[in-house]
There are 2 protein chains.
Amino acid sequence: MATVSRVVNNNPNVKPQTRKKVFEAIERLGYRPNAVARGLASKKTTTVGVVIPDISNSIFSEVARGIEDIANMYHYNIILCNADKKKEKEIRVINTLLEKQVDGLLFMGGAVTEDHIQAFKTSSVPVVLCATADEQRVIPSVDIDHEKAAFDAVNVLLQSGHTKIAMISGTLQDPANGYARYQGYRKALEAANIPIDEDYVRIGNYRYESGMDVTKHFLELDERPTAIFAATDEMAIGAIHSLQDSGLRVPEEMSVISVDNIRMASMVRPQLTTVAQPMYDIGAVAMRLLTKLMNKETKDASELTQVILPHEVIHRNSVAQRS
Amino acid sequence: MATVSRVVNNNPNVKPQTRKKVFEAIERLGYRPNAVARGLASKKTTTVGVVIPDISNSIFSEVARGIEDIANMYHYNIILCNADKKKEKEIRVINTLLEKQVDGLLFMGGAVTEDHIQAFKTSSVPVVLCATADEQRVIPSVDIDHEKAAFDAVNVLLQSGHTKIAMISGTLQDPANGYARYQGYRKALEAANIPIDEDYVRIGNYRYESGMDVTKHFLELDERPTAIFAATDEMAIGAIHSLQDSGLRVPEEMSVISVDNIRMASMVRPQLTTVAQPMYDIGAVAMRLLTKLMNKETKDASELTQVILPHEVIHRNSVAQRS
DNA sequence: CTGTTAGCGCGTTCAC
DNA sequence: GTGAACGCGCTAACAG
């Protein structure tokens, strides 16, 4: 019994000959170790929980792939739960994941509230936030600087001579994709001494159709913008098509830029100029950080565990010099 | 001890007053049931394994969402494993999933070989194939009729007066997206008494770029096709852009159709005419079937468990009457 | 309706 | 280098 355990777990204290015999028996009997029993005895399940807003959204599915690849590399499996950024659902799945004794938790969601933090604290397993961060910055996280990314995007427009720049924003309740990117827009304009025109800001819901709708509104303005900054690529693509459907040429008559760099960005005409957010890497780095935390290779929570990944402007064909 | 177990598991044999006291104690102590211990004792983990080729591929991530929604509804969680259609990796994850004592398995992959079936058999938990099927049709599965879907797509072209129809196929080793769709193409042409021209068939790798490359090849032919049937939407979109980049108008000068109906299909110009495959439903129905099998509500494997979901031609703007 | 007793299949001492 | 004994936290029978 114990010797078999040693063999299966690669414990060196086994005579090679015995080891061989055990392996033969394993083969002959079709023995398969029971990971549940092992988990109970060893208090480790080699499983991590990941809560994600929506796996069918390409942004998150790329992050998920990054997570799974690294998890795999360290011999972890992942339990995946969609929570649609609904706080109540998020808390619920965090609890069931904890009941299942996951060795760690990766959280991707909307705002990280005090209730979330309480839920995390009821367990002793490490938590890493992925593509979000709590306001107090007390929980380890990996993300990009959304505000700076938006700032850089708007700057591209500014440097191309645009001054009438509209924004298709996400909801300001959303800290990362919504609020932070809006702040980046404001600050870029302020830095250029351009007053904010409230008519130039409209809230979308991140979807293609909403990008189209908001854009139509901009076209009805007395003083049309000459460029549009969308908080996300999907809305930007909606904007481009709305523009084209109205007979406007992009980028000649209207420039469009956004943040994300989803795969589709290079699969539309004109190809979308955007600020790339390294989705796969965010997942991969977050998972790597979690493995360190699970092995206690690093302090529980310190500034060192707040990682900001770099973003990058990808120049394609949806931005032109203002005519 | 036992009474607590009854309360937690909603066993009716508990006096309401006692139940209340137990709940209070649970609250006060911050007790959280250990699902691993429960799994060991009850031999049920309320967890199902899902092996998927690549979660970052939008086709599969939609299926995954369907799976997870239904799993959630029946209080199951899912362990997700990417296997990239690599047989060796597939077999490996099937085994680790089985070691983790999942209550059932959902398999999405490339070909289902004898080795796969052997691996499934080493465990007694039910297996459902998702968007694939084994040749012998012995394992429960849910999918569409790929051959018929391709047949219908090519027929749309035929009925629009096209006779010179090229195909961007997937590899013929791939039973569903590759071989079956190619067969549908052949049969549609045969039914219309059009001989197969081998120059009109080229293999792509399902990606956008490959759709572009293959299309360039078709344009170099002495006798150009007037329409292209792509095995998947992504390659079709590549084809459209390749055509447009060469100065051809779609659909006026070349029609394009495919199978899948990924979200992007309606997010390109012209919008893609395609045969819709109900990705979300395939996942949802497969998971539902699996729950029935896990509860032994239905026979282990019978013809009843081979479900074929309907597909549907979505007419958009990439196909025109032959001029 | 409630408490007692055995396992579930493993890892981990501790002797040998 | 190997085996025996115990316990992980819970469910499932069985008494009471």
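Predicted, not measured: the structure shown is a model, and the values here were computed from it. First the proteins, then the strands, lettered A, B, ... as listed; each starts at 1.
In terms of phosphate contacts, A/Thr3 brings a side-chain nitrogen or oxygen within less than 4.0 Å of OP1 or OP2 of D/dG3. Taking 4.0 angstrom as the limit, B/Ser5 places a side-chain polar atom (N or O) nearer than this to OP1 or OP2 of D/dT11. Taking side-chain N and O atoms only, A/Lys43 has no distance below 4.0 Å to OP1 or OP2 of C/dG11.
Residue A/Asn9 has its side chain nearest to C/dG11 when only D/dG3, C/dG9, C/dG11 are considered. Between C/dC14, C/dG3, C/dC10, one nucleotide has an atom nearer to the side chain of A/Arg6 than all others, and that is C/dC14. Considering only the side chain of B/Lys15, C/dC1 comes nearest among D/dG1, C/dC1, D/dT11. The side chain of A/Ala2 lies closest to D/dG3, out of C/dG9, D/dG3, D/dA12. Checking D/dC10, D/dT11, C/dT4 against every side-chain atom of B/Ala37, the shortest atom distance belongs to D/dC10. Checked against C/dC10, D/dG9, D/dT11, the side chain of B/Ser42 finds its nearest nucleotide in D/dT11.
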Item to check | From CA spacing to verdict: ring-ring contact (aromatic ring centres under 6.0 Å, His included), A/Phe107, A/His116 | outcome: CA-CA 10 Å; A/Phe107 181 83; A/His116 289 83; 5.4 Å; yes

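Residue A/Asn13 contributes atom CG, which lies 13 Å from atom P of C/dT12 at whole-angstrom precision. Atom pair A/Arg19:CZ and D/dG1:C1' shows a separation of 11 Å (rounding to whole Å applied). Per the geometry, CZ belonging to B/Arg38 stands 18 Å off C1' belonging to C/dG7, to the nearest Å. The interatomic distance linking B/Lys44 (NZ) with C/dC8 (C1') rounds to 13 Å, in whole Å. Going from atom CG of B/Asn10 over to atom P of D/dT11 covers 12 Å, rounded to whole Å. One interatomic measurement links the two molecules: CG of A/Asn11 to C1' of C/dT13, which rounds to 13 Å at whole-angstrom precision. For A/Glu99 and D/dG9, the CD to C1' distance is 13 Å, given to the nearest whole Å. A/Gln17 has its CD atom 13 Å from the C1' atom of D/dT2, to the nearest Å.
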Only pairs under 3.5 Å count here: list side-chain donor-acceptor contacts from residues 10-31 of chain B, not counting sequence neighbours, and write none if there are none.
unit_1  : atom_1 : unit_2  : atom_2 : d
B/Asn11 : OD1    : B/Asn13 : N      : 2.9
B/Arg19 : NH2    : B/Asn11 : O      : 2.9

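The pair B/Glu114-B/Lys121 does not count as a salt bridge, with every side-chain nitrogen at least 4.0 angstrom from each carboxylate oxygen. Salt-bridge check for A/Arg288 with A/Asp69: failed, with every basic side-chain N at 4.0 Å or more from each acidic carboxylate O. Classification of B/Asp174 and B/Lys85 as a salt-bridged pair holds, one side-chain N sitting under 4.0 Å from a carboxylate O.
Side-chain atoms of A/Asn9 come within 3.5 Å of backbone N or O of A/Ser5 as a donor-acceptor pair. The backbone N or O of A/Tyr76 lies less than 3.5 Å from no partner atom in the side chain of A/Thr46, so there is not a single donor-acceptor pair.
Residues from residues 23-33 of chain B that place a heavy atom under 4.0 Å from any atom of DNA chain D, listed by number: B/Tyr31, B/Pro33.
Of the two residues near DNA chain C, B/Pro12 and B/Leu40, the one whose nearest nucleotide lies more 5' is B/Pro12.
Taking CD1 of B/Ile67 as the start and CG of B/Leu290 as the end, the distance is 9.5 Å to the nearest 0.5 Å.
A/Asn34 comes within 4.0 angstrom of the backbone, heavy atoms only, and of no base.
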